[in-house]
*Asks:* 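Quick one: the structure is below, questions incoming.
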Protein chains: 2
Amino acid sequence: MRDAEQTRQLILSVASEEIRKSGFVATSLSTILSQCNISKGALYHHFANKLELGYAVFEEMFTPMFLSMWEPAVTQDDPIEGLIALFSSFADDVSCEDIICGCPLNNLCQEMANVDEGFRLRILAMQQKVNTLIAENLRRVSDQLRNDIDFSQVSYFIVSVFHGSSNLSKSTQNKALFETVMAELCRYINSLKR
Amino acid sequence: MRDAEQTRQLILSVASEEIRKSGFVATSLSTILSQCNISKGALYHHFANKLELGYAVFEEMFTPMFLSMWEPAVTQDDPIEGLIALFSSFADDVSCEDIICGCPLNNLCQEMANVDEGFRLRILAMQQKVNTLIAENLRRVSDQLRNDIDFSQVSYFIVSVFHGSSNLSKSTQNKALFETVMAELCRYINSLKR
DNA sequence: CTTTCAACAGACCGACCGGTCGGTTAAAAT
DNA sequence: ATTTTAACCGACCGGTCGGTCTGTTGAAAG
């Protein structure tokens with residue numbers, strides 16, 4: 001009957017979904033508890049406090065999510081085509097609900113970076129990891145690209161567009177705006193080729 | 001002695017600064033009251049509730065701020081040079097504290113667009129106004145630009161980069177990253193020329 | 001001088017928050 | 001069969017929040 005690890009995973013799963021939808025602060029423990037059908041005692045048996053739960057969600061749920069999104073796109077033979085395919089398919093496949101929620105990394109950065117150092121450092125590490133991932137894979141095919149490219153700069157630029165557009169789209173509640181910006185982003189990425 | 005309008009402006013001023021720094025939800029009325037040295041009765045004499053205060057801050061403080069930032073840049077003779085000058089000077093002049101706070105429009109969009117319809121519609125209107133402003137002024141000089149440009153798309157793209165980069169920079173707590181992305185943005189804008 | 005009312009003061013309220021703690025239960029170890 | 005303890009329960013706590021309401025005050029109008 002009792003399975004501590006399963007309970008822990010249930011908490012992480014429900015908490016990550018709730019944080020994704022409502023943010024960290026707005027997510028109340030009581031909401032998580034009722035969705036999990038567990039008591040407050042159970043939650044505090046597995047996590048020291050709300051902040052530690054948030055860190056666990058970031059590390060065990062969000063981090064794999066980010067990497068599984070960016071990594072396949074840039075590690076393939078042609079990272080340029082990989083990124084274009086990623087953004088194109090993203091614009092096609094993303095649900096209206098996802099648009100409303102936005103990217104969890106971007107959301108948490110905005111909400112928590114100034115509030116909690118633990119979150120800030122985790123977010124920073126993740127951003128740098130993504131940036132390195134993109135930059136190094138672009139450098140890998142630098143012979144196919146213009147020779148005036150600052151790979152790190154371009155990489156941060158790309159991520160900025162992605163996060164900025166997903167944020168902009170929150171006010172329209174539909175993905176039309178997101179698709180528009182992604183189209184321009186693909187055009188930009190294509191212009192990196194020599 | 002008593003000056004109702006002055007009190008109202010004081011409240012708006014303190015509230016806008018606090019919302020800019022901490023967001024709408026995290027800004028408590030007690031903080032505003034103590035900074036204004038007024039009572040809760042005074043605040044509720046001028047504003048029906050916290051939400052109405054937030055709307056007033058958006059309309060009377062933030063909206064003029066946004067317009068005064070974007071308008072002069074694009075309405076000048078050469079909007080391309082205007083935008084580049086804007087982003088360059090912004091990267092130079094912005095304080096570390098401003099970076100940490102981020103753009104109020106972007107912040108409110110992220111925080112409130114999914115939570116309150118009143119905020120969402122106001123933010124949406126502002127975004128569309130800025131987009132129209134940029135797009136129409138680019139179209140004005142379209143003879144100097146490439147002929148394959150979708151002005152609205154490019155305009156949303158530019159704003160996305162700006163907001164995305166100011167958000168990214170929150171995790172680093174310094175403006176180096178912001179400067180980097182602004183540099184790439186200026187390069188992108190230059191590439192619009194024919 | 002008196003009246004009137006906008007402008008303000010601040011005690012108070014219920015709701016909700018994260019967190020604590022003593023008690024219970026189920027299952028593994030002996 | 002008994003003991004032990006990890007896993008879980010849920011009542012309770014202090015604190016903060018937005019919001020209400022009664023009362024006071026100052027200045028303008030009559």
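Below, chains carry the letters A, B, ... as their sequence lines are ordered, and counting in each starts from 1. A quick note: this is a predicted structure, and the numbers were derived from the prediction, not measured.
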*Asks:* According to ring-ring contact (aromatic ring centres under 6.0 Å, His included), does anything in residues 31-52 of chain A pair up with another residue at least two apart or in another chain? List the pairs.
*Replies:* none
*Asks:* Looking at CG of A/Asn167 and OG of A/Ser160, how far apart are the two atoms once the value is rounded to the nearest 0.5 Å?
*Replies:* 12.0 Å
*Asks:* N/O contacts under 3.5 Å, protein versus nucleotides 23-25 of chain C?
*Replies:*
{"residue": "C/dT25", "atom": "O2", "partner": "A/Arg2", "partner atom": "NH1", "Å": "3.2"}
{"residue": "C/dT25", "atom": "O2", "partner": "A/Arg2", "partner atom": "NH2", "Å": "3.1"}

*Asks:* Return no unless some side-chain N or O of A/Ser39 is found under 4.0 Å from OP1 or OP2 of D/dC8.
*Replies:* no
*Asks:* For DNA chain D, find the residues of residues 7-14 of chain A with a heavy-atom distance under 4.0 Å and give them by number; none if there aren't any.
*Replies:* A/Thr7
*Asks:* Identify, between A/Gly41 and A/Phe24, the residue whose nearest nucleotide on DNA chain C lies closer to the 5' end.
*Replies:* A/Phe24
*Asks:* Any N/O pairs under 3.5 Å between the protein and nucleotides 28-30 of chain D? List them or say none.
*Replies:*
none

*Asks:* Please report the interatomic distance OH(A/Tyr188) to CD(A/Glu184), rounded to the nearest 0.5 Å.
*Replies:* 11.5 Å
*Asks:* A/Phe24: which residues meet the ring-ring contact (aromatic ring centres under 6.0 Å, His included) condition with it, sequence neighbours left out?
*Replies:* A/Phe119
*Asks:* Using a strict threshold of under 4.0 Å (side-chain N to carboxylate O), is an ion pair present between A/Glu17 and A/Arg20?
*Replies:* yes
*Asks:* Between A/Lys40 (NZ) and C/dC16 (P), how many Å, whole number?
*Replies:* 13 Å
*Asks:* Expressed in angstrom and rounded to an integer, what is the separation of B/Ile32 atom CD1 from C/dG10 atom P?
*Replies:* 18 Å
*Asks:* Which pairs with one or both residues in residues 48-58 of chain A pass side chain to side chain donor-acceptor pair (under 3.5 Å), sequence neighbours excluded?
*Replies:* A/Tyr55-A/Asp116
*Asks:* Does A/Cys36 have any side-chain contact (heavy atoms from CB on, under 4.5 Å) partners at least two apart in sequence or in another chain, and if so, which?
*Replies:* A/Leu10, A/Ile11, A/Val14, A/Ile32, A/Ile38
*Asks:* Salt bridge (charged side-chain N to carboxylate O under 4.0 Å, His left out) between A/Arg139 and A/Glu136: does it pass, once the steps are laid out?
*Replies:* CA-CA 5 Å; A/Arg139 185 175 290 112; A/Glu136 289 197 348; 5.1 Å; no
*Asks:* Which is true for B/Thr27 with a 4.0 Å heavy-atom rule: it touches a base, it touches only sugar-phosphate, or it touches nothing?
*Replies:* sugar-phosphate
*Asks:* Write down the distance between CG (A/Asp3) and P (C/dA28), rounded to a whole number of angstrom.
*Replies:* 11 Å
*Asks:* Applying side chain to side chain donor-acceptor pair (under 3.5 Å), which residue pairs with at least one partner in residues 69-87 of chain A are found, sequence neighbours left out?
*Replies:* A/Glu81-A/Lys193
*Asks:* Using a cut-off of strictly less than 4.0 Å between a heavy atom of the residue and any atom of DNA chain D, enumerate the qualifying residues of residues 43-55 of chain B by number.
*Replies:* B/Tyr44, B/Asn49, B/Lys50
*Asks:* Tell me every residue that passes side-chain contact (heavy atoms from CB on, under 4.5 Å) with B/Ser16, counting only those two or more places apart in sequence or in another chain.
*Replies:* B/Val57, B/Met61, B/Phe62
*Asks:* Under the side-chain contact (heavy atoms from CB on, under 4.5 Å) rule, collect the residues that match up with A/Ser95, sequence neighbours excluded.
*Replies:* A/Glu97, A/Asp98
*Asks:* Determine the sole option in A/Leu83, A/Val74, A/Ile80 for which the side-chain contact (heavy atoms from CB on, under 4.5 Å) test with A/Asn137 is passed.
*Replies:* A/Val74
*Asks:* With A/Phe66, which residues qualify under ring-ring contact (aromatic ring centres under 6.0 Å, His included), at least two apart?
*Replies:* none
*Asks:* Round to a whole Å and report the spacing from CG of B/Leu29 to C1' of C/dG10.
*Replies:* 14 Å
